[in-house]
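Single-structure report; data block below.
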Protein chains: 2
Amino acid sequence: MSEIQRPGALYQQVAAAIREAILSGEFAPDSLLPSEAQLMARYGVSRPTVRNAIAALRAEGLIDVRHGKGSFVRSSGQPVLTIERRISRTTDGAFVMPGGDIWQESEEPSAYRTRTTKITGRLLGLGEEEALFGCDRLLVDPGTGTRAMHRTLIPFEVAEAVPLLAEEPCSHPAEIYRLLTQDGHKLTWTETVRAHMPLPDERTTLQLPDATPILHIARVAHGTDDRPLFLEELRFGADRAELAYRITADKQPARRTRT
Amino acid sequence: MSEIQRPGALYQQVAAAIREAILSGEFAPDSLLPSEAQLMARYGVSRPTVRNAIAALRAEGLIDVRHGKGSFVRSSGQPVLTIERRISRTTDGAFVMPGGDIWQESEEPSAYRTRTTKITGRLLGLGEEEALFGCDRLLVDPGTGTRAMHRTLIPFEVAEAVPLLAEEPCSHPAEIYRLLTQDGHKLTWTETVRAHMPLPDERTTLQLPDATPILHIARVAHGTDDRPLFLEELRFGADRAELAYRITADKQPARRTRT
DNA sequence: TGACGTCACTTGTCCTTACGAGTGATGACT
DNA sequence: AGTCATCACTCGTAAGGACAAGTGACGTCA
């Protein structure tokens, strides 16, 4: 069970052996792997080599290591929370978004003023360094413990053009959609989905385990003439939640888009 | 520029210092970082400590290291390819999907027979171990070099119920949608989006850099009575491509969904 | 001039040693 | 019996040394 030669570096051979044992079910999810000392003996290698192999498996998200306890096979668990990216409107004109009743705010939303970056400027159809109202929230789903960072961005010129909007730039998105609609806009939305590894601050505020990517959604509300009015960002750990969309066929032939 | 004490481990202090220098722009994207030897001298630490710090930055996706050359600041590059998740139908009844004209198949698609897993079974409204036609393709966008893995799964019972489908279970999805429609189905689709770290084989076939998550989309076609008929999976590196969706407001109030 | 070998630089791998720090059980002391 | 110190086990951090392997420039040789 210990002699392997094929691929390349020693630690990769060790990592491959452990990985195979995990994927084949020899090491069940949530079970305790052999300790570093045992792996050293089992494969006849030094501790740095064992630790290097373990580091590779951590980076793949296959195992979790707990100081003083050992390495555990990560319960490959599929996401436990499905976030429906849909928008509905009730007969009395209010907007309802799935998740609006799931998430709870863990703190007071923090409002601030900022400026567009290259990315947010592009999404909002503006240049760089345009003035914005910003509002950040930390959302928590008490059922699953899932945490998410939520941000809304409203251009100054939009806030000033819409009655009541400039006074409450940190309202709930559903309320903002209602104000925009009352102002005569017929809203449609586009969403952009990306994934990336967390920076340390995202890792801590979202309480992410090792090797857990972040799913990052940017929802832009478009009003009359398809003009971008409002940006809503959501980011959360991809280990706990997944996204769900509904699609129906258009009538017109589609054209590809590239950036 | 070398004395730091705050956070915790030495290598974390070194990593924090380098990270700050990168994010503040002191080290420009694509520029060469100091070599390990230089960092050892600069911070007065040993090589393992420097390498540990560098490993942390690699795991965050901030730098790329090339053997024999050095460490480079990753050009934080936003995705260069936007994949529109939309479906259109032309007047003559054919289905058109954006990306159908972008992607090229790098090899012959490989057809096979398999069985549902827990995940695919749930998506297709079946149990486990139900018989399926499978078809895998490797797609490449010659413009950006982006690679993607594509998979279609058709339950046996669906293939047998639809004329012509069982003979060509590895057709292009647009063709399959046409056959399903000709059989009398009015199609709608649901998509589930997840992100996870690649396994070694995904890493190699998609040619992914370090610390690059995979975006994984499962599109399910629903026919009459909302019955799931057909599963289409797409996965690609989140460093190169992003997803785009279009949303319009429903009429009915929405209800949350949990799994 | 051109081809090629060498050399200096880089990171990659692997080993040894040592100690710090978190965890849980064991056992002694009150 | 209950409390708490100790200990054995785990992983985390840090240092040192040695050699392999990839890269590119420089200089020599034909």
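Per chain, numbering begins at 1; letters A, B, ... match sequence-line order.
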Taking every non-hydrogen atom, the tightest pair across B/Thr49 and B/Tyr11: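 Result for this residue pair: O-CB, 3.6 Å.
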
Calculate, to the nearest 0.5 Å, the distance between atoms CD and CG belonging to B/Glu107 and B/Asp136 respectively.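 The CG atom of B/Asp136 is 10.5 Å from CD of B/Glu107, to the nearest 0.5 Å.
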
Side chain of [X] (C-beta onward), nearest among [options]:
X	options	result
A/Glu36	D/dC11, D/dA14, C/dT11	D/dC11
B/Arg47	D/dA18, D/dG12, C/dC15	D/dA18
B/Pro48	D/dC11, D/dA15, C/dC14	D/dA15

Without decimals, in angstroms, what is the distance between [X] [atom1] and [N] [atom2]?
X	N	atom1	atom2	answer
A/Gln38	D/dC9	CD	P	11 Å
A/Gln13	C/dG12	CD	P	18 Å
B/Phe72	D/dG22	CZ	P	17 Å
A/Arg58	D/dC11	CZ	C1'	9 Å
B/Ile54	D/dA14	CD1	P	15 Å
B/Met40	C/dC9	CE	C1'	15 Å
B/Leu32	C/dT11	CG	C1'	12 Å
A/Asn52	D/dT13	CG	C1'	15 Å

Between [X] and [N], is there a contact of a side-chain N or O with OP1 or OP2 at under 4.0 Å?
X	N	result
A/Ser35	D/dT10	yes
B/Arg51	D/dA15	no
B/Thr49	D/dT13	no
A/Lys69	D/dC11	no

Taking only heavy atoms on the protein side, list every residue of residues 61-68 of chain A lying under 4.0 Å from any atom of DNA chain C, sorted numerically.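 Nucleic-acid contacts, sorted: A/His67, A/Gly68.
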
Could you tell me if A/Tyr245 and A/Glu84 have a donor-acceptor pair between their side chains, going purely by distance under 3.5 Å? no

Please determine, by modelled atom types, if A/Glu105 and A/His150 share a side-chain donor-acceptor pair under 3.5 angstrom. no

With side-chain contact (heavy atoms from CB on, under 4.5 Å) as the test, pick out the partner of B/Leu243 among B/Ile83, B/Leu234, B/Thr82.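 It is B/Ile83, the one option of B/Ile83, B/Leu234, B/Thr82 that forms the side-chain contact (heavy atoms from CB on, under 4.5 Å) with B/Leu243.
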
Counting distance only, does the side-chain N/O of A/Arg147 pair as donor-acceptor with the main-chain N or O of A/Thr205 below 3.5 Å? yes

Find which nucleotide of DNA chain D each of B/Tyr11 and A/Gly70 is nearest to by heavy atoms, and output the residue with the more 5' nucleotide. A/Gly70

Is the ring pair B/His216/B/His196 parallel, tilted or perpendicular, if the boundaries are 30 and 60 degrees?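 The arrangement is tilted - the two ring planes meet at 30° to 60°.
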
